[in-house]
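See structure below.
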Amino acid sequence: MNKLHLVLSATLSLIFWLSFLSGNLTASAATMAEIQQRGYLNMAVKDNLRPLGFRDDKGNLQGLEIDLAKRLASDLLGKADAVKLQPVANSDRLPVVFNQQVDLAIAGVTATESRSRIVSFSVPYYYDGAAIVTKNTSIQSLKDVGKRKIAVLNNSSTVGYLKYFTPSAELVGVSSYGQGWEKIASNQVDGFAADVSVLSGWVQAHPRYRILPTKLSAEPLSVVMPKGLQYDELRRKVNEAIARYTVTGWLKERIEYWGL
């Protein structure tokens with residue numbers, strides 16, 4: 001009974017927080033009919049998460065999720081540019097949908113059961129997961145890690161996966177991705193374990209690093225969509241489109257293009 005009470009309290013607290021969170025975006029969530037009448041989709045994206053969503057040298061938004069946003073706009077509204085992309089911080093990715101400030105969010109969000117209580121998720125467009133990046137040429141696979149030092153974000157789910165797959169490794173906790181990069185760059189650790197989507201961007205910018213081929217986990221990235229019967233058509237069209245992109249190979253081609 002106490003456990004149930006704690007779960008309910010946590011859920012209610014999250015909903016309360018989301019309800020009263022203020023932001024800089026203007027409320028604009030709409031039904032599919034309203035979006036068609038309006039003529040564009042309003043989407044939250046990332047602008048600092050290469051290769052999912054980031055700005056190129058000219059300041060233009062690029063990445064797998066940007067491609068997906070434009071493709072959805074093309075299929076749902078007939079024009080790839082019929083979309084307004086609004087960069088958001090990680091902490092705002094769910095609130096902007098919950099508070100009806102955008103129509104959808106395509107921003108590196110992992111679909112989880114707890115999150116699905118407050119928003120809806122599309123079918124996955126990419127399966128992310130934890131892996132290890134290294135520049136040590138003697139480490140070619142997980143079995144080569146041995147007792148070496150591996151940096152990992154404090155209290156992240158990756159810690160448990162590392163203890164299972166590399167039980168002899170010495171885990172070095174870090175408080176941020178930046179601290180992890182610093183430790184591996186200065187040879188304080190032999191590897192850094194984090195999400196493949198994050199590690200891929202690092203490897204693209206620093207070619208001497210490489211990601212070990214075996215993922216430690218698999219986590220679905222999905223489009224965040226609003227709950228409510230009035231959004232049924234929007235959710236159905238988004239799901240049908242992503243399923244079609246998977247079957248036709250378009251998503252696979254884009255995933256490979258962006259080095260994921």
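Residues: numbered from 1 along the sequence shown.
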Handout entry: Chi angles and distances behind the side chain to side chain contact (heavy atoms under 4.5 Å, CB included) call for I150, V172
Key = CA-CA 6 Å; I150 303 296; V172 178; over 6 Å; no
So if you build clusters from Ile, Leu, Val, Met, Phe, Trp, Tyr with side-chain heavy-atom gaps below 4.5 Å, do [X] and [Y] land together?
X	Y	value
V133	F54	yes
V152	V189	no
L153	I132	no
V159	Y177	no
L260	Y127	no

Exercise for the section: Give me the ring orientation class for H206 and Y209: parallel if the planes are under 30° apart, tilted from 30 to 60°, perpendicular past 60°. Expected result: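 Rings of H206 and Y209: perpendicular, over 60°.
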Backbone of [Y] reached by a side-chain donor or acceptor of [X] within 3.5 Å:
X	Y	answer
Q204	W258	yes
Q100	V97	no
N239	R235	yes
Q179	S175	yes

Look up atom [atom1] in [X] and atom [atom2] in [Y], then write down how far apart they are to the nearest 0.5 Å.
X	Y	atom1	atom2	value
E34	D103	CD	CG	9.5 Å
L72	Y125	CG	OH	10.5 Å
L142	T166	CG	OG1	7.0 Å
I211	T134	CD1	OG1	11.5 Å
Y40	L85	OH	CG	12.5 Å
Q62	L52	CD	CG	13.5 Å

Is it the case that more than 12 heavy atoms not belonging to [X] sit under 6.0 Å from its [atom1] atom?
X	atom1	result
K215	NZ	yes
K135	NZ	yes
K227	NZ	yes
D56	CG	yes

Assess the side chains of [X] and [Y]: does a donor N or O sit below 3.5 Å from an acceptor N or O?
X	Y	answer
E253	Y245	no
D128	S197	yes
N48	K46	yes
R148	S138	yes

Handout entry: Presence of salt bridge, D47 and R55, under 4.0 angstrom
Key =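 D47 and R55: salt-bridged.
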Practice task
Indicate yes or no: does D67 engage R71 in a salt bridge with an N to O separation below 4.0 Å.
Solution key: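 Looking at D67 and R71, the cut-off is not met.
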Practice task
In sequence, state the C-alpha distance, the side-chain angles, and the governing distance for R244 and E240, and then conclude on salt bridge (Lys or Arg N to Asp or Glu O under 4.0 Å).
Solution key: CA-CA 6 Å; R244 186 165 59 251; E240 288 175 349; 5.5 Å; no
Practice task
Sort out for me which residue in N90, V88, L94 forms a side-chain contact (heavy atoms from CB on, under 4.5 Å) with D92.
Solution key: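 Testing each of N90, V88, L94 against D92, the sole residue satisfying side-chain contact (heavy atoms from CB on, under 4.5 Å) is V88.
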Practice task
Please say whether the positively charged group of R254, taken as NZ for Lys or CZ for Arg, lies over the ring of Y257, i.e. under 6.0 angstrom from the six-membered ring centre and within 45 degrees of the axis.
Solution key: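 Because its charged atom sits under 6.0 Å from the ring centre and within 45° of the axis, R254 does stack over Y257.
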Exercise for the section: Output all residues satisfying side chain to side chain donor-acceptor pair (under 3.5 Å) with W181, sequence neighbours left out; order by chain, then residue number. Expected result: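 For W181 there are no side chain to side chain donor-acceptor pair (under 3.5 Å) partners, ignoring immediate neighbours.
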Practice task
Please list, chain by chain and in numerical order, all residues satisfying side chain to side chain donor-acceptor pair (under 3.5 Å) with K70, sequence neighbours excluded.
Solution key: none
